[in-house]
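Notes for the one structure printed next.
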Amino acid sequence: MKLFNVFLGLAAALAAGGCCGTGGVNSASVLKYDSFNPGQVWLDDNGRHINAHGAGAIFDNGRYYIFGEHKLGGTLGNKSVVGVHCYSSDDLYNWKDEGIALEMSGDPNSEIVRGTILERPKVIYNPRTKKYVMWMHLEFRKGPTAKSADLKDIYAEKPDYSTARAGVAVADKIAGPYKYVGSFRPNAGKYPINGADGLRAYRAELEKDPNWKSKKFKGEERKKALARGFAFLRDFDGGQMSRDMTLFADDDGRAYLGCASEDNSTFHIHELNSEYTGFTGRFARVFPGGYHEAPAFFKRGGKYYMFSSHCTGWAPNPGRVSVSDEMLGEWRELGNPCRGDGQKKSKTVPVEAKADTTFRSQSSAVIPVRGKKDAFIYFGDRWIPEDAIDGRYIVLPVEWEGSGEGATPVIRWRDKWKIEDVFKD
Ligand code: GAL
């Protein structure tokens, strides 16, 4: 999409209440879906393609809600100009536009001023405070135009991912409006509950060089240093990086933020405090040097699972699934959950069916289906960074290979499917 069209689109969107993307159709003419059609344009109740990328999902008072990045057209859409868009549904096929739950700010001094990069928003409910709590990945605007409200400046700013902060907002009602509270580099000055002795020893080793923090490692050396916790120790005083993230609210009332940290090399799982707006100080370093992004947690039969990806930016890569007995426990990788013979180089398998690109998607959420036993749905993004608003959603059933303790969650490509055909119980 040409830049000119992007601005026209934005002007129209703002005139329509600041919440709308590409052209809608008369809602009376919108068809009702009775199946999922992964990768196709997916219309909301206004006849507009659902605009909730990097989404999180929650079930509340009998309805499903998703919250995601509202994208504009073109590459401008990779910055956040509008905010976090919310939709609700009672059947998971048909989604009602609930509007913008968290609006980007017009105040140039706000941490969420328009043009900030705001990604992967997730919402959980806190039964103690009765508040809905949203967390999101934030990358602040930087450079000489950082305070400009001009969309041309926002468009021209080079994406900069060095902020790596987790922002938090709260609301009294699920669909918002959410009030932005602030942001964190989590757990400054704290060691994790696992492997602290090794980190302390490595720190003593590094500190022999007074300039250790600016030390540059290359190739294998770099991999080794990151896995041992070099970036962790470098960021110890100021707090740990938090990029691709997700939330998980457990049934014992505890909640967690899981995020790509340490220059993306190591995943962190932080326990949230009782308000869910900060940290208890208990956290685990998971898969040191493993480069996990795009996390999505779910729980089945007392075990915790995480879908994730490798780190290749907007380009898809082979998916990953891991399991643990405890959120802050020992996580074990189970490999690529995608089944099917499609390999990247295959000329006969259509691109969307290729198992080694997660069917051209990257995980964003796993949605438990209410009223069905052990039924979960994989929700992923098929990013289109050149025209961000056109990004598609890959929705596939999670199936299980094997049984009992060793069962592995897997996903298979389907052009079209229905919940009742896959989940029988
Ligand atoms: C991906 C990440 C997205 C976005 C993108 C930017 O790896 O999962 O959320 O940050 O990189 O290149």
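Order of listing sets the numbers, starting from 1, for every ligand and every atom in it.
Ring-plane geometry between F359 and W413 is classed as tilted, the angle between the planes lying from 30 to 60 degrees on a 0 to 90 degree scale. Using cut-offs of 30° and 60° for the angle between ring planes, the F248 and Y304 rings count as perpendicular.
Counting heavy atoms closer than 4.0 Å to ligand 1, residue Q362 contributes side-chain atoms (C-beta onward) but none from N, CA, C or O.
Scanning the protein heavy atoms around atom 7 (O) of ligand 1, the nearest turns out to be E293 OE1, 2.4 Å. In this structure, the protein non-hydrogen atom closest to atom 1 (C) of ligand 1 is G313 O, 3.3 Å. Distance from atom 10 (O) of ligand 1 to its nearest protein heavy atom, with residue and atom name: E119 OE1, 2.6 Å. Protein heavy atom in closest approach to atom 8 (O) of ligand 1: D244 OD2, 2.5 Å. The shortest contact between atom 9 (O) of ligand 1 and any protein heavy atom is with R120 NE, 3.0 Å.
Residues E119 and H53 have side chains that never bring a donor and an acceptor to within less than 3.5 angstrom of each other. Judged by distance alone, the side chains of Y65 and E98 never bring a donor and an acceptor atom under 3.5 Å apart.
Note: Y93 and F36 meet the aromatic proximity criterion, with ring centroids under 6.0 Å apart.
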